[in-house]
*Asks:* 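Got a structure here, written out as structure tokens. Questions coming.
If you're wondering where the values come from, they're calculated on a predicted model, not measured in any experiment. Naming: A, B, ... by sequence-line order, numbering from 1 per chain. Only this structure's heavy atoms are used, side chains among them; waters, hydrogens and symmetry mates stay out.
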Amino acid sequence: MAGTRPFKHYEPKWQKAWEEEGVYRARDASPADKDQKFYGLIEFPYPSGDGLHVGHPRSYTAIDAVARKKRMEGKNVLYPIGWDAFGLPTENYAIKNRVKPQDATVKNIATFRRQLKSLGFGFDWSREVNTTDPAYYKWTQWMFLKFFTSTFDETTQRAVPVPVGAPRLSREAGRPEQAETTHLLMYGRPGGSPKQEETVPRLAYKARTTINWCPNCKIGLANEEAVGGLCERCGNPVEKRVKEQWMIRITKYADRLLSDLDTVDYLEKIKTQQVNWIGKSEGAHIDFRISTGDAVRVFTTRPDTLFGATYMVLAPEHELVQQWIHDDKVANAREVNAYREAATKKTEMERQAEGKEKTGVVLEGVMATNPTTGKDIPVWIADYVLAGYGTGAIMAVPAHDERDFEFANAFSLPIVEVVRPPQPVEGCYVGDGAAVNSGFLDGLPTADAKQKVTAWLEEKGLGERATTYRLRDWVFSRQRYWGEPIPIVICKTCGYVPVPEDQLPVLLPDVESYQPTDTGESPLSKIRSWVEVRCPNCGGDAERETDTMPNWAGSSWYFLRYCDPKNDSAFADPEKLKYWMPVDLYNGGMEHTTLHLLYSRFWHKFLWDIGAIPNEVGPEPYARRRSHGLVLAKGGEKMSKSKGNVVNPDEIVEQYGADVFRVYEMFMGPFGEPVPWDTNGIEGVRRFLDKVWKLFSGSSLPSVTPELDTLYHQTVKKVSDDIESLSFNTAVSQLMILTNAFVEVGGVPKEFQEGYLKILAPFAPHIAEELWRDHGHSSSIHVSPWPAHDASKIVASSFELVVQVNGKVRDRIRVPADISEEDAKARSLASENVKKHLGDKPPSKVIYVKGRLVTIAN
RNA sequence: GGGCGAGUGGCGGAACUGGUAGACGCACUGGCUUCAGGAGCCAGCGAUCGCAAGGUCAUGAGAGUUCGAUUCUCUCCUCGCCCACCA
């Protein structure tokens, strides 16, 4: 009978009481008592206008259950919550509805807060953080300045301050005549030619780079906002545009981000995804002499195939191509220029539509020399060579690389096989006499051949061993309003000047219009009163940087702020960081594995390098990372507003209460797998909790039977273990089994009552609390000690011995638990049914599996 | 194309280091209770043969190892996610 369990009465009552009693308040303590703490973390939500989705609470309930158990085990638990509130969705919403993003954010947060509170999560609300709060983003800006004033020491592989007295940065960088200034501006690709490399590689720098540009919305988009080559806002195809952007040199940390994965407990698939994203390849850089007098450096993982390099390909954007055209070295400059232009204009859509069809243009009049054969080879440009990877140029070995093979076929280029050791591309036709057996590599296995060629290159000064990463530097600029202003002042004489720390935060000005501009500048650029400032260095006329930070900035360090959220003189007190960090368990979506998770690991390492995070904390922020599966709509498809299949948690809480919602979220399927939402399934959970309620409203007190005793202790053990391994669905099903057993005997034996409520408490905290306090307790069940199981009682006194004949079950015999092997075999062989199936033939083999079965073969 | 993961009743899913396949829940069927019920209670519920006792077949397909395979090995098929011309 619905309504017998008055959840609408007791749920809000206990939510209020928990807050007043400070049940979930985390207590700061001395780092010496670190082993007493537990820091559980969920990815803080983006407070969108749509409110909470049933997907959010899956993760929150799971970690809540773990946190509750840890608390009951005596741990000092930190389970915080906050808001990741800067970013595009709110800005779009604000523009569309003609409201201020600030106001929309306040409203959205209020909705989220109300919804989360109605679900009874054990968050420590006193530590709530908000990335859009100036008191928070002051520190985000502070950290940006730390990146800006730091460089990377290659020998120690750590961030260090830019040397005092280092030449000031110039806006005119990149021009040789300004060589006396340390230039921050780096034109072209990260890792470009030495001439354009800044002399002090700051960890935050400005570079000219290609971005996704939506011609319709007139706005620059991040890669993740232009998925599939379509603008997230309007759905139109995006094109490439070159823009000056702030970049963060995350690539310097590639190796550490990779190797430190060995020190943390992450789900294996999370590790592999990070490893693949970082994409380390080892090989060699080889310099090819060019007829123009230049040298072109290529990267290859197969230096052993150098003998077979019959042509060379540069990315269309390669800066030497531009220079050669400029210097009149290219005979077919028109054609080459046309190809280059087409390549940059090509939208992501068009590129994908083309598939792997190879296109390209030869540079007439430009030749390269293969250093091993001394032969002249042609130089091409083609868009299958990516500007952003390696050196943006390749040596093409068509016999041993499929892409080069396709290209060579398309343009009738020579194919020369290196006879040993590499295997040629399948279907590769090698013309008469075109195979090279250098003798040099005779009989060597590939790895040795690579080594030998690399050594030869190094000896001759033609190249060197090299490691390349697929990871790119982090584009850190957004030309938008709703983000942290980048705290830099641009001065004509002093260049890029950091805003002095005591002037932080650089407040986001409160204005009326957030419309994007026609030029692709941030809307902030139109607010002249904000833009125009005095240079902090020379006092002259200067302008503020008008780009803002991406929404990944604030989320890259929020877990640190939770340790000390109200600190105004530091982002967090080092002593508190020492106590709370690292995070013991962090759960979040797989979609954040290569973005947020990687960014925040990097950010943490950087702050640790510069001593902002105490050494004791260590270089990794998260000790254990797990991932939940998506909550899908009923048919198994994704929930989305456009499909109208989104389930709002409010409705469920209204109808069934928070506990039913929470238990269902945990019971619906394995935590790590995607599961469709099923309204019928909720009914089952409702019945379960109604049974619990009725068990305690009845007056009968059954006595303990041995079976019940065993089951109770088994349940305590299973629930305890399952919470540790995040197997919540089986924990709930075990609780159901025990509950059904209690229903069977008409009530809960007195000695099990409290333990039973306690193991239920992590999942259904309200009903457990109500029944607990009803038992006369004045303090919360959630701070009561977690029950222990009695191992001796888990083993039943007897068990059903299964008897198999030739692999098939033929009998089951109840035997004492401590039956001897001999006895078990004898009793099995005595079974009538066994005899029947054995027939005349004597058994050739009898095997006893302790506590389970006897199997007989003949 | 590459990487990772997964295929078990009508459905979501259980099954310890190879040892009773289908726990728990949903749906469904029959019965009880009720003025009535989308409430509650009892019973049944993989397929198949059989009145029954009891067989036989079943964990995507096919092989293999084993006394014994959802679990281990190989081949193939399907689906999901991520990355996709990364030299």
*Asks:* Any idea which of B/C57, B/C24, B/A87 is nearest the A/K808 side chain?
*Replies:* B/C57
*Asks:* Under 3.5 Å for both donor-acceptor distances, Watson-Crick or wobble: does B/A58 have a partner, and if so which one?
*Replies:* none
*Asks:* Exactly one of A/F763, A/Y656, A/W677 should register a ring-ring contact (aromatic ring centres under 6.0 Å, His included) with A/Y664. Which one does?
*Replies:* A/W677
*Asks:* Could you check how far OH of A/Y664 sits from C1' of B/C24, rounded to whole Å?
*Replies:* 14 Å
*Asks:* I want to check one thing: is the phosphate of B/G40, taken as OP1 and OP2, less than 4.0 Å away from some side-chain N or O of A/R686?
*Replies:*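 Yes, within the criterion.
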*Asks:* Please state the P separation for the pair B/G9 and B/A61 - nearest whole angstrom.
*Replies:* 10 Å
*Asks:* Determine whether a donor-acceptor pair (N or O, by modelled atom type, separation under 3.5 Å) exists between the side chain of A/Y848 and the backbone of A/D823.
*Replies:*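 Not a single qualifying donor-acceptor pair exists.
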*Asks:* Got a sec? Which of residues 724-734 of chain A come in under 4.0 Å of RNA chain B, heavy atoms?
*Replies:* A/N729, A/T730, A/S733
*Asks:* With ring pair (Phe, Tyr, Trp, His ring centres under 6.0 Å) as the test, would you mind laying out the steps for A/Y311 and A/F407 before giving the verdict?
*Replies:* CA-CA 10 Å; A/Y311 63 100; A/F407 191 81; 5.6 Å; yes
*Asks:* Give me the distance, rounded to whole Å, that separates B/C67 from B/C76 when you measure between the P atoms they each carry.
*Replies:*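 To the nearest whole Å, 28 Å.
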*Asks:* Counting only side-chain heavy atoms from C-beta out, which of B/G55, B/C4, B/G19 sits nearest to A/N833?
*Replies:* B/G55
*Asks:* Of the nucleotides B/G3, B/C26, B/U20, which one has an atom closest to the side chain of A/N276?
*Replies:*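 My answer, after comparing the listed nucleotides, is B/G3.
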*Asks:* As a test of reading the structure: which of B/A87, B/C24, B/C83 is closest to the side chain of A/I737, going by heavy atoms?
*Replies:* B/C24
*Asks:* Distance check, C1' atoms only: B/U20 and B/G25, in whole angstrom units.
*Replies:*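 B/U20 and B/G25 have their C1' atoms separated by 22 Å.
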*Asks:* Taking NZ, NE, NH1 and NH2 as the nitrogens, is one of them in A/E683 or A/R686 under 4.0 Å from a carboxylate oxygen of the other?
*Replies:*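 Yes, A/E683 and A/R686 are salt-bridged.
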*Asks:* Is A/N740 near enough to B/A23 that one of its side-chain N or O atoms lies under 4.0 angstrom from OP1 or OP2?
*Replies:* no
*Asks:* Would you mind pulling out the nucleotide paired to B/G25, Watson-Crick or G-U wobble, both distances under 3.5 Å?
*Replies:* B/C11
*Asks:* Please determine if a side-chain N or O atom of A/R687 lies less than 4.0 Å away from the OP1 or OP2 oxygen of B/G40.
*Replies:* yes
*Asks:* Partner of B/C16 by Watson-Crick or G-U wobble geometry, both contacts under 3.5 Å, or none?
*Replies:* none
*Asks:* So does A/D265 pair up with A/K271, basic N to acidic O under 4.0 Å?
*Replies:*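 Judged by the 4.0 Å cut-off on N to carboxylate O distance, A/D265 and A/K271 do not form a salt bridge.
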*Asks:* Please give the nucleotide sitting opposite B/U70 as a Watson-Crick or G-U wobble pair, both distances under 3.5 Å, or none.
*Replies:*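 Because no pair has both required distances under 3.5 Å, B/U70 counts as unpaired.
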*Asks:* Hey, is B/G50 sitting syn or anti, using the within-90° cutoff around 0?
*Replies:* anti
*Asks:* If I take atom NZ in residue A/K691 and atom P in nucleotide B/G40, what distance separates them, rounded to the nearest angstrom?
*Replies:* 10 Å
*Asks:* Does any nucleotide pair with B/G40 by Watson-Crick or G-U wobble geometry, both distances under 3.5 Å, and what is it?
*Replies:*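 For B/G40, the partner nucleotide comes out as B/C32, under the 3.5 Å rule.
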*Asks:* If you look at every strand shown and take non-hydrogen atoms under 4.0 Å, does A/T594 touch a base, only sugar-phosphate, or nothing?
*Replies:*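 Result for A/T594 = nothing.
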*Asks:* Run the salt-bridge test on A/E821 and A/K850 with the 4.0 Å N-O cut-off and return the result as yes or no.
*Replies:* no
*Asks:* Taking the side chain of A/R810 as its heavy atoms from C-beta onward, which of B/A87, B/G13, B/G55 lies nearest to it?
*Replies:*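 Looking only at side-chain atoms, A/R810 lies closest to B/G55.
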*Asks:* For A/V675, report the nucleic acid contact type (base, sugar-phosphate, nothing); a contact means any heavy atom under 4.0 Å.
*Replies:*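 Sugar-phosphate contact only.
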*Asks:* So which one's nearest nucleotide on RNA chain B is more toward 5', A/D404 or A/D678?
*Replies:* A/D678
*Asks:* Is it the case that the side chains of A/T359 and A/Y339 hold a donor-acceptor pair, with the cut-off being a distance below 3.5 Å and no angle test?
*Replies:* yes
*Asks:* How close do A/Y389 and A/R470 get, heavy atom to heavy atom, and via which atoms?
*Replies:*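 Smallest interatomic distance, heavy atoms only, reads CE1-CA, 3.9 Å.
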*Asks:* Would you measure the distance from the C1' atom in B/C85 across to the matching atom in B/G62 and give it in whole Å?
*Replies:*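 After rounding to an integer number of Å, I get 36 Å for this pair.
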*Asks:* How close or far is atom C1' of B/G40 from atom NZ of A/K694, stated in whole angstroms?
*Replies:* 6 Å
*Asks:* Counting just side-chain N and O atoms, does A/K269 come under 4.0 Å of either OP1 or OP2 of B/C4?
*Replies:*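 Looking at the OP1 and OP2 atoms of B/C4, neither is under 4.0 Å from any side-chain N or O of A/K269.
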*Asks:* Check the distance between B/A84's C1' and A/E402's CD and give it to me in whole angstrom.
*Replies:*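 So the two atoms are 14 Å apart, to the nearest Å.
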*Asks:* Does NZ or CZ of A/K358 lie under 6.0 Å from the centre of the six-membered ring of A/Y384, at an angle within 45° of the ring axis?
*Replies:*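 Yes, a cation-pi geometry.
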*Asks:* For the side chain of A/Q273, starting at C-beta, report the closest nucleotide among B/G12, B/A84, B/C82.
*Replies:* B/C82
*Asks:* Would you kindly say whether A/H592 and A/E43 are connected by a side-chain donor-acceptor distance under 3.5 Å?
*Replies:* yes
*Asks:* Side chain of A/Q804, heavy atoms from C-beta onward: which of B/A23, B/G19, B/G25 has the nearest atom to it?
*Replies:* B/G19
*Asks:* By nearest nucleotide on RNA chain B, pick out whichever of A/P670 and A/K638 is the more 5' one.
*Replies:*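 Counting from the 5' end, the first nearest nucleotide belongs to A/P670.
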*Asks:* Mind checking who B/C81 pairs with, Watson-Crick or G-U wobble, both distances under 3.5 Å?
*Replies:* B/G3
*Asks:* If the condition is salt bridge (charged side-chain N to carboxylate O under 4.0 Å, His left out), which residues does A/K269 pass it with, not counting sequence neighbours?
*Replies:* none
*Asks:* Looking at every strand, decide which applies to A/V385 at a 4.0 Å heavy-atom threshold: base, sugar-phosphate, or nothing.
*Replies:* base
*Asks:* Taking the P atom of each, how far is B/G10 from B/A63, in whole Å?
*Replies:*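 Straight-line distance between the two P atoms is 23 Å.
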*Asks:* Just compare B/C83, B/G19, B/C67 and give me whichever is closest to any side-chain atom of A/R852.
*Replies:* B/G19
*Asks:* In whole Å, what is the span from the CG atom of A/D304 to the C1' atom of B/A87?
*Replies:* 13 Å
*Asks:* If the C1' atom of B/C24 is compared with that of B/C45, how far apart are they to the nearest Å?
*Replies:* 15 Å
*Asks:* Got a donor-acceptor contact below 3.5 angstrom from the A/D383 side chain to the A/A343 backbone?
*Replies:* no
*Asks:* Heavy atoms within less than 4.0 Å of RNA chain B: which residues of residues 714-722 of chain A have one? Give them sorted by number.
*Replies:*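 Residues of residues 714-722 of chain A under 4.0 Å from RNA chain B: none.
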*Asks:* Whole angstrom is fine here: how far is it from CD1 in A/I847 over to C1' in B/U66?
*Replies:*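 Those two atoms, CD1 and C1', are 9 Å apart.
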*Asks:* Of all the choices, B/U56, B/A87, B/U20, which nucleotide is nearest to the side chain of A/E800 once you look at every atom?
*Replies:* B/U20
*Asks:* To the nearest Å, how far apart are A/L689 CG and B/G40 P?
*Replies:* 13 Å
*Asks:* Could you tell me whether a side-chain N or O of A/R465 sits under 3.5 Å from a main-chain N or O of A/T454, the two making a donor and an acceptor?
*Replies:*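 A pair under 3.5 Å: no.
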*Asks:* What is the separation between atom CE on A/M590 and atom C1' on B/G5, rounded to the nearest whole Å?
*Replies:* 10 Å
